[in-house]
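To keep things clear, I will list the structure first and then write my remarks on it.
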Amino acid sequence: MSRVRQPPLVTGISPNEGTSWTKVTIRGENLGTGPADLVGLSICGHNCLLTAEWMSASKIVCRVGPAKDDKGEIIVSTKSGGHGTSTVSFKLLKAEKIGILDQSAVWVDEMNYYDMRTDRYKGISPLSLRPSNPLGIDFDKGKVPLKDLEALFPGVSGEFTSENFSATWYLIENHSVTSFDQLRMAASNLKKQATKKNEGSLAYVKGGLSTFFEAQDALAAIHQRLESDGTERVEGSMTQRLENVLNRASDTADTLFQEVLGRKDKADSTRNALNVLQRFKFLFNLPLNIERNIQKGDYDVVINDYEKAKSLFSNTEVSVFKKVYAEVETRIGALKILLLDKLLETPSTLHDQKRYIRYLSDLHASGDPAWQCISAQHKWILGLMQNCKEEFINYQREGDPRPSAFSRIRDTAPLNKGGILHTPRHSTWHYETPQQVQFVEKLSDVVIGQLPNFWKLWISYVNGSLFSETGEKSGQVEKSKKNARQRQNDFKKMIEEVTHRLVKLVRGALLPSTLTELELRLYGGWENKTELTGPWLTQVIHIVRIIFEALVALEIPNDLLQVIQDLLLELRHHCLLVTLHHTAEDVKRVAEKEDWVVDNEGITSLPAQFEQCMVQMLQSLKEPMETKPGEVNILQLDQDQASELCVDIIKVFINCLEQLSTKTDRDIDTSRMSVDQASPNLFSGIQEDFCPTLEQRLLIILSNCQYLEKHTFLNLAEHFERHGFTGTEKITRVTVHAVKELDESLFDAYIERKSDPIVGSLEPGIYAGHFDWRDCGTPTGVRNYLKEALVNIITVHAEVFTVSKDLVPRVLSRIIEGVAEEMSRLMQCVSSFSKNGAIQVYTHFQFATLSGKSNGPIVTICRIFIIQSASCLCSWVIS
């Protein structure tokens with residue numbers, strides 16, 4: 001048993017007033033289960049079922065008929081619910097009567113409008129071109145991309161007005177997920193609309209049946225009158241009179257309605273034109289839309305519209321379409337020129353370059369835009385590098401050192417991994433940095449900033465990733481790969497030109513001697529003749545290495561980067577030589593700062609300063625001497641020269657020591673001299689403005705030489721080995737030999753200055769007062785010459801001990817040896833001794849024996865001296 005449905009209830013109508021044939025929308029409840037369930041619809045008492053269109057159980061669309069009542073209810077009747085009720089009413093307005101000759105502007109909505117006079121539907125109004133919902137069911141669109149539909153249904157469209165309308169496209173686009181019941185309801189709605197069309201003529205006849213009968217009666221009466229008259233086309237006959245009346249009526253009608261009919265024809269022409277414009281408005285609006293989208297930068301939209309217009313109208317034979325399409329082609333041609341200009345514009349990002357290349361490929365631009373972009377970028381990078389050099393040279397000539405672009409980037413934000421500098425610098429650092437170093441920094445900024453994008457653009461060109469799906473379908477990817485294979489050598493030459501330009505510019509700034517005269521004119525021109533020091537060269541090496549590592553990371557072939565490796569090798573070698581030469585100058589300046597302050601061991605600060613200077617040199621060479629992957633060990637490459645330079649530096653220091661020992665008292669600056677206050681026993685009683693004598697300087701330098709030989713040179717050998725220097729044994733051997741030679745020379749000089757006076761005073765002292773060994777008085781003690789010699793030896797001992805106690809045995813042994821030899825010579829010159837003379841000699845010997853009972857180095861040395869002298873004398877007497 002079926003469930004009883006509620007009767008229909010109308011709760012709203014829009015609009016709620018209007019003239020006859022006004023289209024209204026009725027809303028309510030239980031308005032039927034379908035078009036077949038709707039059996040009655042009246043508005044203000046007039047049956048409107050003929051124009052009713054059932055949309056849903058809550059919505060019906062219809063037109064109000066010429067009802068007699070001015071205001072009335074809306075009553076809906078259905079099979080399932082019966083006769084309904086209404087809570088609203090409709091007010092029927094009386095139309096203004098217009099004479100046959102009065103002008104009026106009336107808009108007739110011709111959507112689904114059936115002309116009963118011609119028994120056909122009239123043309124669709126331009127502003128009502130598309131039915132809102134021809135199937136009468138809700139839209140339920142899926143997610144089918146438009147591109148997929150175009151690929152599945154080539155040459156057709158889902159537009160109602162299109163000549164190539166495809167129902168399948170329309171259903172997939174608007175009802176891809178609609179249920180089967182809804183689609184079955186949509187089919188019923190289409191059948192109902194077809195039935196209305198078939199029933200149109202019958203309804204027309206039913207509605208005007210009385211008029212038809214009246215017209216038939218009038219024609220029958222006229223026929224009877226004509227038969228009774230019995231004449232045809234006789235002057236004065238009824239037929240003739242009737243013909244004349246009709247002709248006059250026709251002429252009058254033509255006169256009266258000529259203007260009206262002319263406006264009607266013009267309106268029909270305008271309507272047809274509007275219909276065409278509306279139907280093909282996409283094409284007619286396309287030139288203006290292209291211009292607007294170009295101004296907004298929506299190139300994708302322009303390309304999509306152009307492809308659509310090209311597929312629809314490229315082969316059209318309609319002159320109007322040809323004219324509009326020709327204008328579209330003109331706009332597209334201008335767009336190609338614009339995109340090519342933007343593509344070749346510099347600077348630009350890699351993303352923009354790829355985007356413009358894709359646009360041009362989709363528009364089928366002539367030539368090869370990708371290769372044109374690569375060529376333009378190559379020229380621009382070379383120009384940037386050359387302009388960088390010219391900019392710095394001009395600044396140098398004008399005396400206007402300015403911070404480079406790289407410095408401004410570095411000062412405002414920290415660099416990412418791979419940056420050139422990793423530590424913050426002082427704000428005035430760029431004005432203190434040599435121009436060549438700043439130039440290399442900015443040059444590296446250009447190369448690292450531009451060359452990676454240049455290389456990536458080429459890789460994209462090779463693998464065909466610059467093109468869209470349209471380009472892939474049209475075969476442009478394969479064409480691009482083919483062109484890339486043909487131009488591979490050309491691109492290799494471009495990379496070589498960039499790397500060679502980089503290397504030559506750096507050489508022109510730092511190694512001008514390695515360039516030819518022609519290359520110097522192109523890449524040189526630096527007026528600053530001051531040679532860079534080792535730290536600045538180290539900074540340059542660091543920058544060039546970063547450039548090389550950045551290019552290696554791009555997987556650029558090694559053969560294209562070999563010139564940079566060669567440049568690095570020469571820079572490292574040059575840095576090594578310059579650092580060694582500058583260290584030699586630093587060593588000279590260190591020696592000039594000798595303050596003659598000695599410690600407890602008789603050593604000044606000079607050896608420590610020299611060692612510190614050498615260690616700093618090795619530390620500064622740590623980065624240049626470091627061998628990165630793929631680099632050559634510069635120490636192995638030029639081992640002998642590096643060793644010789646190190647030996648030369650040490651010899652420079654040794655020569656400085658020798659020069660210090662030979663300086664006169666007037667050449668010594670006493671402003672920095674002082675005595676070590678921590679050693680109160682040294683130079684006791686000497687003030688802070690103490691100026692050492694020549695003998696004291698000799699002793700101090702002798703002490704420093706011994707320290708160099710025993711400690712400093714051994715420490716330096718360890719530092720050399722730790723920093724990778726080879727040939728340290730040779731360096732140590734040669735330098736130790738040199739310092740020993742200096743030591744012997746200085747020692748002989750000191751002995752000569754101290755021993756000669758003592759030895760020279762012996763003979764005059766012995767024979768003072770005409771002393772004669774054969775005729776002398778009874779000895780009363782040791783003679784004065786011996787006492788004087790002992791006092792002089794003690795003085796030398798004190799002087800040596802004050803500086804370095806380690807030198808005492810060496811110095812005194814040589815002096816005593818000289819004294820002993822002189823005494824032996826003098827005794828051998830005596831022909832004979834008297835008794836008292838022999839006793840005198842014995843007294844000296846006894847003095848030496850008694851001195852042996854005392855302790856102390858001085859007494860011991862004196863005793864040795866006397867024993868040696870006495871032994872010589874006794875040997876002579878015995879003989």
Side-chain angles (χ1 to χ4, degrees), residues 2 5 8 10 21 23-43 47-65 74-82 84 109-125 128-142 153 156-207:
S2 62
R5 293 183 177 274
V10 177
W21 303 111
K23 186 177 182 179
V24 295
T25 301
I26 301 170
R27 298 186 181 276
E29 302 174 359
N30 305 316
L31 300 182
T33 59
D37 192 41
L38 182 64
V39 296
L41 174 61
S42 65
I43 301 177
N47 186 8
C48 300
L49 182 61
L50 184 63
T51 60
E53 181 180 0
W54 185 88
M55 305 299 293
S56 65
S58 60
K59 179 180 177 181
I60 297 175
V61 177
C62 70
R63 293 186 181 274
V64 179
I74 301 93
I75 305 300
V76 177
S77 301
T78 62
K79 293 180 182 179
S80 59
D109 185 3
E110 296 180 342
M111 175 63 64
N112 294 335
Y113 181 75
Y114 186 77
D115 190 351
M116 297 183 180
R117 296 172 299 171
T118 59
D119 192 19
R120 64 182 179 85
Y121 282 95
K122 298 190 69 175
I124 300 175
S125 174
S128 302
L129 185 62
R130 297 181 181 178
S132 59
N133 190 357
L135 298 182
I137 58 177
D138 295 334
F139 290 110
D140 196 358
K141 296 185 178 181
F153 305 101
V156 298
S157 173
E159 298 289 338
F160 284 108
T161 58
S162 175
E163 297 178 356
N164 301 322
F165 171 71
S166 172
T168 306
W169 182 321
Y170 176 81
L171 290 175
I172 294 177
E173 182 179 7
N174 299 291
H175 301 284
S176 59
V177 293
T178 303
S179 64
F180 180 76
D181 293 337
Q182 290 289 325
L183 292 176
R184 186 166 54 186
M185 185 182 298
S188 300
N189 293 339
L190 290 177
K191 291 179 180 179
K192 179 179 178 182
Q193 294 176 14
T195 303
K196 286 181 180 179
K197 181 178 179 181
N198 296 330
E199 294 177 352
S201 57
L202 180 61
Y204 170 71
V205 172
K206 291 180 179 179

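Keep in mind that this is a model prediction, so the values were computed, not measured. Positions are given from 1 along the sequence.
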Hey, what do you get for [atom1] ([X]) to [atom2] ([Y]), rounding to the nearest 0.5 Å?
X	Y	atom1	atom2	answer
Thr25	Glu53	OG1	CD	10.0 Å
Asn30	Thr33	CG	OG1	10.5 Å
Leu50	Leu41	CG	CG	11.0 Å
Met55	Cys62	CE	SG	12.0 Å
Ser166	Leu171	OG	CG	8.5 Å
Asn47	Ser77	CG	OG	9.5 Å

Task: Side chain to side chain, Ile43 and Ile26, heavy atoms closer than 4.5 Å - done: yes
TODO: Check whether any side-chain heavy atom of Leu31 lies under 4.5 Å from a side-chain heavy atom of Leu38, and answer yes or no.
DONE: no
TODO: Check each of Ile172, Thr168, Asn174 against Tyr170 using the side chain to side chain contact (heavy atoms under 4.5 Å, CB included) test, and report the only one that passes.
DONE: Asn174
Task: Heavy-atom closest contact (Ile60 atom, Ala52 atom, distance) - done: CG2-CB, 4.4 Å
Open item on the list: To check you understand the geometry: which heavy-atom pair defines the closest contact between Pro8 and Gly82, and what is its length?
Closed with: CD-O, 3.4 Å
Task: Exam field: side chain Trp54 to backbone Ser56, donor-acceptor pair closer than 3.5 Å - done: yes
Open item on the list: Donor-acceptor pair, distance only, cut-off 3.5 Å: does the side chain of Thr51 make one with the backbone of Arg63?
Closed with: yes
